[in-house]
Amino acid sequence: MERATRMLARAKHVVVLTGAGISAESGIRTFRDTMRGLWKDFDPATLATPEAFARDPEVVTRWYDHRRLGCLAAEPNAGHTALVAIERGLIRRGGRFTLLTQNVDRLHHRAGSANVHELHGTIVVWRCTATGNELEPPPSPFREFPPRSAWGGLLRPAVVWFGEMLPIPALDAAARALRTCDCFMSVGTSSAVYPAAGFVDLAAASGSGTIEVNPQETPASGRFDVSIRARAGAALPELAARAFGTGT
Ligand code: BV8
């Protein structure tokens with residue numbers, strides 16, 4: 001924790017990558033945790049694909065609507081608010097902060113993070129597959145599955161499925177930030193999904209210090225300078241307080 005605090009306290013440009021683990025303490029099941037109840041027999045990795053949507057749009061849209069309502073009902077937790085404190089602390093002292101998230105739940109935005117890039121899109125916005133038009137459905141379940149837009153096409157969540165390209169603006173922002181950062185922190189991700197799982201290597205190649213925050217060891221743990229075995233909701237507020245003297 002001391003080494004990570006020093007890296008953060010000295011940093012001019014911090015890049016943070018987050019995964020489902022930072023939202024676990026908000027009650028949102030992580031991507032690879034087996035889900036309970038209705039969805040316990042479904043493998044997320046097979047449902048989060050264009051092929052699954054083409055094969056069974058009803059099951060896929062029911063799964064995503066179930067998750068969408070869970071995300072809308074959730075609240076940001078101490079981990080999310082600590083990242084806001086770190087961002088504001090850095091800006092106060094003339095530094096820069098870039099948040100790259102794999103999460104689709106919009107909790108970073110709701111916590112108050114300003115410079116957020118959604119690498120895998122967001123579940124709160126849905127897209128008409130006929131016109132490409134996007135909309136933000138109300139916080140109530142769709143009435144029909146698969147849902148259809150007013151333009152007549154099937155609606156799908158505006159997330160990035162496996163085999164789909166990430167949004168170019170988010171990828172560009174990530175590439176630019178990873179070239180110039182001097183402190184890279186990966187929080188709550190199993191480092192299983194690319195290209196995000198390779199960001200630690202890009203940051204290290206730019207001479208950046210690298211920190212992982214995860215209660216479990218991951219396949220990438222050995223590639224970080226510092227690996228903090230702790231929950232995001234515990235480690236991030238402590239890092240924010242030690243490095244920036246701020247509460248969350
Ligand atoms: C692409 C959809 C170009 C929305 C998701 C090399 C380069 C490029 C691509 C590939 C490549 N190799 C393979 C690929 C293909 C593929 C891929 O990576 N496959 C993997 C399985 C090998 N990548 C792609 O297809 C990407 N597209 O690159 O386009 C292209 C196109 C075609 C062919 C090649 C290249 C698209 C990737 C996006 C896929 N969509 N989600 C949704 O339904 O959510 S990814 C999905 O996994 C989620 O978005 C999630 O965010 C992401 C990563 O998972 P995690 O966030 O890490 O969550 P997980 O449950 O795994 O882990 C949680 C962690 O939290 C755990 O470690 C746990 O210990 C920890 N934790 C728990 N509690 C806490 C905690 N940590 C802290 N505090 C706590 N309290």
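First listed ligand is number 1; within each ligand, the first listed atom is number 1.
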Quiz item: Using the ring of each side chain (for Trp, its six-membered ring), is Y64 parallel, tilted or perpendicular to W126, with breaks at 30° and 60°?
Solution: perpendicular
Practice problem: Counting heavy atoms only, name the option from E25, E118, R67, H120 that's nearest to atom 44 (O) of ligand 1. | Solution: R67
Quiz item: With only distance considered, is A48 within less than 3.5 Å of ligand 1 through an N or O on each side?
Solution: no
Quiz item: Non-hydrogen atoms of I22 versus ligand 1: any pair closer than 4.0 Å?
Solution: no
Quiz item: Do any nitrogen or oxygen atoms of P215 lie less than 3.5 angstrom from nitrogen or oxygen atoms of ligand 1?
Solution: no
Quiz item: Any nitrogen or oxygen of G188, main chain or side chain, under 3.5 Å from a nitrogen or oxygen of ligand 1?
Solution: yes
Quiz item: Less than 4.0 Å between a side-chain N and a carboxylate O, is that true for R127 and E136?
Solution: no
Practice problem: Before signing off on this row, confirm whether W63 and ligand 1 have an N or O atom pair separated by under 3.5 Å. | Solution: no
Practice problem: Before signing off on this row, confirm whether Y64 and ligand 1 have an N or O atom pair separated by under 3.5 Å. | Solution: yes
Quiz item: Is G163 close to ligand 1, meaning an N/O of one under 3.5 Å from an N/O of the other?
Solution: yes
Self-check item: Under 3.5 Å: N/O of S191 near N/O of ligand 1
Solution: no
Practice problem: Pick one of side chain, backbone, both or neither for how V193 approaches ligand 1, counting any non-hydrogen atom pair under 4.0 Å. | Solution: both
Quiz item: Measuring from F184:CZ to H13:NE2, what's the distance to the nearest 0.5 Å?
Solution: 11.0 Å
Quiz prompt | Pairwise distance CD1(I28) to CD(E75) - rounded to 0.5 angstrom | solution = 10.0 Å
Practice problem: Kindly identify the option in G121, A20, S186 whose heavy atom sits closest to atom 58 (O) of ligand 1. | Solution: A20
